Amino acid sequence: MSATAWTATASGARARGRHTWLGVFTAALGGLTAFAFCLHVGGGVTATLNMNSQPAAAIPLVVLPVRLTCAVLAAVSAAAGAAILRRQGGRGTYGLLTLGLVAFTLAFVIWAARGTEVSFEGLLASTLIDSIPLMFGALSGVMCERSGVINIAIEGQFLGGAFLGAMIGSLTGDLWLGMVAGAAGGAALGGLLAVLCLRYQADQIIVGIVIVTFATGVTSFLDLQVLTPNQATLNSPQVFGNIAVPVLDRIPLLGPILFDQNIFLYLALALLATIQVGLFHTRWGLRVRAVGEHPRAADTVGISVLFIRYRNVILGGAIGGLGGAALSIGSTGEFTSDMSAGLGFVALAAMIFGRWSPLWAATACLLFGFADSLQSNLAVLNVPIASPFLLMAPYIAVILAVAGLVGRVRPPGADGQPYRRE
Amino acid sequence: MAAEGVPEAAAAPAGPRAPAWPVRVALLAERSSTLVVTALAILSALIVGAVIMIVTTPETLGAWGHVLSNPARALTTSWALIETAYAALFTGSAGDPAAYVHAFAVRTPGAFTNAFSPLSETLVATAPLLLCGLSVSLAFRAGLFNIGATSQLIAGAIVASWVGISLPGLPLAVHMPLALLAGCAGGAAAGWIPGVLRARTGAHEVIVTIMLNYVALNLIVYILSLPFFLGPQQVNSISRAPAGSALLPHLAGASLRVNAGILLALAAAWVVAWLLQRTTLGFRFRMAGASQDAARAAGVDVRRMITLAMVLAGGLAGLAGAVQVLGVDPQLVPAYGGEIGFTAITVALLGRARPGGVVLAALLFGAFQAGGLQMQAATTVPLELVQVIEAVIVFFIAAPALVRAIYRIRTQGGGFRLFSQGWGG
């Protein structure tokens with residue numbers, strides 16, 4: 001393949017250029033912070049951040065001088081950018097980029113809260129809650145694509161999981177059964193993807209798109225035809241309550257956000273840790289990555305490519321189904337037609353943004369969750385940006401990311417290619 | 001599996017000389033196999049749809065509950081349901097034969113409107129599906145997957161609406177073509193972004209077009225907050241209609257909605273077919289789509305072909321947006337165009353990304369759309385069943401090996417192959 005060789009020779013020079021780009025980008029965020037959030041704010045203006053979930057104030061209100069705080073945060077971004085430029089590569093680049101992004105967003109929040117009081121705790125909590133289904137979706141994508149099967153059908157798995165979760169949860173009155181049914185629904189759609197792509201070797205992107213159409217159609221049809229006439233018995237599940245982890249939930253600020261949440265958050269975090277460790281530190285993970293990068297080599301040493309791919313795609317589907325269940329029995333308490341509203345594609349984007357790594361994909365989910373929660377809190381914030389543009393921002397960020405301006409994205413080597421034994 | 005489908009180049013000889021007879025026999029076998037697979041895919045999907053109807057309708061489900069004691073009733077109620085639903089699907093799209101007979105007997109305008117209204121609705125639904133299907137197909141032929149017809153349609157609709165609103169008083173002969181061209185240009189601009197990013201940076205067009213869909217959906221929400229589009233009184237996110245001089249003329253009187261949009265779409269199909277089969281540019285598109293390495297070796301500027309193919313694809317979808325605004329739904333709303341851009345992908349797959357096939361596929365799905373509404377009215381079966389049937393058809397088209405396995409067909413071919421290279425990094 002001449003194209004591969006060409007990419008390999010050019011990648012050294014490209015990588016250097018990319019790190020220069022990243023450094024300049026991060027430093028520019030610092031400049032933007034200084035320009036937009038410091039210069040036009042009076043010296044005496046303060047922002048008040050509320051760190052408590054309940055009105056009973058355990059932590060005193062944090063009152064920050066806007067100009068000074070933003071100047072400090074601008075310096076942090078600029079320093080992170082300078083560090084990226086100086087190091088020219090190495091493992092710390094993406095950490096520094098994240099630091100610069102976090103400083104920028106913090107400055108944005110503080111600037112938006114100028115002259116008023118904002119529930120910082122609420123903002124963090126809704127960021128986390130909004131990103132739960134995305135995390136499941138992104139992990140589903142990671143599971144499939146690391147083994148070399150493109151999973152563009154996350155949206156369909158969400159809908160299947162949300163539908164079955166709500167229906168079985170409502171029918172049996174047992175939410176845990178609903179959760180299992182949601183996972184099973186996702187797994188079934190994952191199985192469909194696996195059979196069509198692995199056995200019948202259909203194009204993976206096409207099959208993924210058609211599964212989304214199919215799942216949207218079937219769940220909307222069944223919603224109207226079966227659930228709506230029997231709303232009380234078939235579509236009125238309870239919602240998982242919050243489970244407080246003893247002791248840990250008393251930690252100021254982070255306690256209620258991280259340790260007093262519903263089961264889906266704990267499940268997402270547990271899956272994230274399992275997949276992250278499993279993929280990079282176990283025999284299973286080594287095999288999955290081998291199959292995803294170079295199936296022929298894996299086959300040669302006796303790993304069954306098809307078995308690993310079937311297993312991963314079906315497991316990935318189940319994880320996607322859990323994400324769907326998180327939407328229905330983890331949040332709204334009923335299934336509504338097309339309720340995932342494109343979140344599956346956002347999860348796909350988060351996975352690509354996170355460069356097919358579980359940890360970075362989850363970080364990207366938080367970014368999307370933050371944009372979402374910022375949008376729903378716009379009413380209390382002092383932001384002169386039209387909300388459609390704020391909602392567009394993460395999508396534009398993904399376009400910039402895949403275009404190589406914010407970071408290099410390299411999919412698993414054999415992603416999307418069917419495997420034929422010779 | 002190795003011999004699935006005949007290579008693109010062999011299927012499309014561009015020279016004036018007829019191909020040698022072995023090639024012709026191979027082509028004939030390929031074509032008939034394609035037709036057989038397509039017909040079986042549609043048949044299978046209708047069967048799946050019937051089964052779904054039976055198991056979700058309480059009356060038939062109850063009858064099947066007593067199938068051991070009364071098998072005849074289970075069969076007759078099921079048959080009655082399927083017959084009513086699919087008959088409504090047919091009469092709602094192609095028209096009721098009795099109504100045609102009646103119309104030609106009494107010859108009143110009301111009777112004609114009544115008889116031809118289903119056909120008119122089918123053609124109205126077909127036009128944007130055809131244009132977007134051509135958009136997806138053109139990109140397919142150049143080796144690109146355009147999932148962004150939604151964003152290009154919205155861009156086209158916004159620009160066409162802008163030109164339609166802002167230049168009242170122009171003569172029809174100037175204003176309408178101008179608005180159509182503007183819509184085309186808007187869509188082309190939205191298609192240029194993924195094209196140029198793919199060509200210059202390798203960013204995969206699938207992910208860029210999906211992201212652009214969301215950008216466009218938010219953009220139209222913003223557009224609908226601007227006083228220019230809302231007009232003096234409106235406040236609730238519905239734009240005002242373009243001036244009358246920009247609207248597409250109706251083809252069969254004001255009482256039927258069918259308009260010049262369908263003629264434009266058919267003309268576009270002819271132009272795309274001509275472009276792909278009879279021009280050097282089209283040949284280069286297909287070369288870039290079949291093998292970028294080979295195309296590059298033959299001196300084709302692959303990057304330019306990729307950009308240009310996405311611009312043209314965007315222009316076609318933009319034209320669909322303009323046709324919608326100037327012919328069917330003159331007022332912009334959030335999520336304008338709905339599922340059209342997504343359904344167009346299935347249309348292109350069913351039509352095997354060939355203009356002639358896409359025309360037939362768009363007609364079929366347009367008929368499903370129009371007939372589905374009638375079916376929803378005649379039975380309690382929701383319109384969404386149509387979406388399920390469409391998806392199942394394309395499952396079978398995407399995996400022709402599946403159809404051959406089910407119906408035990410020995411011959412190869414009949415499939416659709418996209419030259420997908422994964423995310424392409």
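Remember, predicted model here, so these are calculated numbers, not experimental data. Order of the sequence lines fixes the chain letters, A, B, ..., with proteins taken first and strands second; residue numbering starts at 1 for each chain. Below, each value reflects all heavy atoms present in this structure, side chains not excepted, and no hydrogens, waters or symmetry copies.
- Using a 4.5 Å heavy-atom cutoff, the side chains of B:Phe395 and A:Ile211 are in contact.
- Ranking B:Leu197, B:Ile220, B:Val208 against chain A, the residue ahead of the rest is B:Val208, based on heavy-atom pairs under 4.5 Å.
- The part of A:Leu192 that comes within reach of chain B is its side chain, from C-beta onward, which places non-hydrogen atoms under 4.5 angstrom from that chain.
- Note: A:Val218 leads A:Val212, A:Val218, A:Val346 in heavy-atom pairs under 4.5 Å with chain B.
- Pairing each heavy atom of B:Val221 with each of A:Pro388, the nearest pair is CG1-CG, 3.9 Å.
- Contact of B:Val386 with chain A is not made at all, since no heavy-atom distance falls under 4.5 Å.
- Of the listed residues (A:Leu222, A:Ile209, A:Asp223), the one with the most heavy-atom contacts under 4.5 Å to chain B is A:Ile209.
- Every side chain to side chain donor-acceptor pair (under 3.5 Å) that A:Glu293 has, sequence neighbours left out, goes to A:Arg410.
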Quick one: side chains of residues 337-347 of chain B, donor-acceptor pairs under 3.5 Å with protein atoms, not counting sequence neighbours, listed by atom name and distance.
residue: B:Thr343; atom: OG1; partner: B:Glu339; partner atom: O; Å: 2.9
residue: B:Thr346; atom: OG1; partner: B:Thr343; partner atom: O; Å: 2.4

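- Of the two parts of B:Thr57, the backbone and the side chain both hold a non-hydrogen atom closer than 4.5 Å to a non-hydrogen atom of chain A.
- Considering only heavy atoms from C-beta on, A:Phe214 comes within 4.5 Å of B:Val392 through its side chain.
- Across every non-hydrogen atom of B:Met211 and A:Phe345, the tightest pair is CE-O, 4.0 Å.
- Scanning all heavy atoms of the two residues, the minimum distance from A:Val210 to B:Ala391 falls at CG1-O, 3.3 Å.
- Contact annotation for A:Val195: neither backbone nor side-chain heavy atoms come within less than 4.5 Å of a heavy atom of chain B.
- B:Gln387 approaches A:Gly217 most closely through the heavy-atom pair OE1-CA, 3.5 Å.
- Residues A:Ile205 and B:His204 form a side-chain contact, since some pair of their non-hydrogen atoms from C-beta on lies under 4.5 Å apart.
- Both the backbone and the side chain of B:Leu385 come within contact range of chain A, judged by heavy atoms closer than 4.5 Å.
- Looking only at side-chain heavy atoms (C-beta outward), A:Met392 and B:Leu219 come within less than 4.5 Å of each other.
- For residues 225-232 of chain A, the interface with chain B (any heavy-atom pair closer than 4.5 Å) comprises A:Gln225, A:Val226, sorted by residue number.
- Within the 4.5 Å cutoff, the side chain of B:Val206 has heavy atoms near those of the A:Ile152 side chain.
- To the nearest 0.5 Å, atom OH of residue A:Tyr395 and atom CD1 of residue B:Ile210 are 11.0 Å apart.
- Judged as a side-chain contact (heavy atoms from CB on, under 4.5 Å), and not counting sequence neighbours, the contacts of B:Ala199 are B:Arg303, B:Ile306, B:Thr307.
- Between B:Val381 and A:Phe221, some side-chain heavy-atom pair lies under the 4.5 Å cut-off.
- Rounded to the nearest 0.5 Å, atoms CD1 (A:Ile396) and OH (B:Tyr214) are 15.0 Å apart.
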